[in-house]
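Below is one structure, written out as structure tokens; comments come after it.
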Protein chains: 2
Amino acid sequence: MVQYSQSHFDTSFAALSDATRRGVLEQLGRADASITDLASQFHMTLTGMKKHVGILEQIGLVTTEKIGRVRTCKLGQRRLEEEAAWIENYRKIWAARFDALDLIVDELKYTEKLNEPKK
Amino acid sequence: MVQYSQSHFDTSFAALSDATRRGVLEQLGRADASITDLASQFHMTLTGMKKHVGILEQIGLVTTEKIGRVRTCKLGQRRLEEEAAWIENYRKIWAARFDALDLIVDELKYTEKLNEPKK
DNA sequence: TAAATACTGCACCAAATGGTTCAGTATTCT
DNA sequence: AGAATACTGAACCATTTGGTGCAGTATTTA
């Protein structure tokens, strides 16, 4: 059954709700990057970008490694599988709900036909 | 190409980042409900629940209709298709990235083999 | 008609968010 | 060694978020 206690969905969907962070994920899909790279690409201070990377790192979407003065960021282990599954499940529920509605509409049409006044 | 201007992903992922709102969507998948129903189910004031429903309504995940004193909430037209697509695309990028990594690892193994000191 | 119900709008609040600047530290280049 | 680079942490700030209470309106019930 579904739990309403705070789940990791809270944090992962929140992470995805920021355009900069989605952009960082897309960028890291193309190539690894340093904090400086990302900061300049997204027109932001190092400190600001560090926070975004920190958030993505905390939930496993990004991993980083500091070598010398440079911290290199890569995609992490998290693949958003459960998030994809949640949405897919929602889409199924949604479809079932609207299929049911279609049935009702069909039924109404049928009933109307029965009740149709003779021309 | 990908735009970093504020997209509707911002609002829809933000909407999904709240457990109460995800719960409301799941509930409405089972049956339509009034604000009062939802408020009591999620242990919240009417005013609080009204806000959540308002957010879901604004982005099309829920529609409502007030008949008499009761406002009934149902699932709306939005099916989270683009959100599902974004995640799927991310998953592909992720897979490609890690496949590439595997290639590199393979290559390293091969190189190591070549450079292996004679026993 | 009076009371109960269901919502609505407004004002308020504390905490979280997304950004900044500034003052460091550590590392690398000349 | 000295200068430049890359990051880091702390403090700060405005706005948003997720909730509340209260006072009101509209509708239904007794």
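A, B, ... follow the sequence lines: proteins, then strands. Residue 1 opens every chain.
Between A/Gly68 and A/Asp18, the residue anchored nearer the 5' end of DNA chain C, judged by the nucleotide with its closest heavy atom, is A/Asp18. Both A/Ile67 and A/Met44 lie near DNA chain C, and the one whose nearest nucleotide falls closer to the 5' end is A/Met44.
When rounded to the nearest whole Å, the span between NZ of B/Lys50 and P of D/dG18 equals 16 Å. Here D/dT17 presents its P atom at 10 Å from CG of B/Asp10, a figure rounded to the nearest Å. Distance B/Gln41 CD to C/dA6 P: 16 Å, rounded to the nearest Å. For the pair B/Arg71 CZ and C/dG9 P, the interatomic distance rounds to 8 Å; values are reported in whole Å. Separating the CE atom of B/Met49 from the P atom of C/dT8 is a distance of 13 Å, rounded to the nearest angstrom. Rounded to a whole Å, the NZ atom of A/Lys66 is 8 Å from the P atom of C/dT27. Atom pair A/Lys51:NZ and D/dC13:C1' shows a separation of 10 Å (rounding to whole Å applied). Spacing between atom CG of A/Leu38 and atom P of C/dG19 amounts to 13 Å, rounded to whole angstrom units.
Between A/Ser7 and B/Arg22, the side chains place a donor N or O and an acceptor N or O closer than 3.5 Å (distance only, hydrogens not considered). Checked by atom type, the side-chain pair B/Thr64/B/Glu57 shows a donor-acceptor distance below 3.5 Å. Using a 3.5 Å distance cut-off with no hydrogens or angles, the side chains of A/Trp86 and B/Glu26 do pair a donor with an acceptor.
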Can you check side-chain contact (heavy atoms from CB on, under 4.5 Å) on A/His8 and A/Arg78, steps first, answer last? CA-CA 12 Å; A/His8 66 277; A/Arg78 271 284 288 288; 3.9 Å; yes
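Side-chain N/O atoms of B/Thr47 and base N/O atoms of C/dG9 include a donor-acceptor pair closer than 3.5 Å. Remark: the B/Thr20 side chain and the D/dG18 base include no donor-acceptor N/O pair separated by less than 3.5 Å.
Between A/His52 and the phosphate of C/dG19, there is a side-chain N or O to OP1/OP2 separation shorter than 4.0 Å. Note on A/His43: every side-chain N or O is 4.0 Å or more away from OP1 and OP2 of C/dG19.
The side chain of A/Arg69 lies closest to D/dA6, out of C/dT20, D/dA6, D/dT27.
The residue A/Leu46 sits close to a base: some heavy atom pair falls under 4.0 Å.
Here A/Arg97 pairs with B/Asp32 in a salt bridge; the nearest charged N to carboxylate O distance falls below 4.0 Å.
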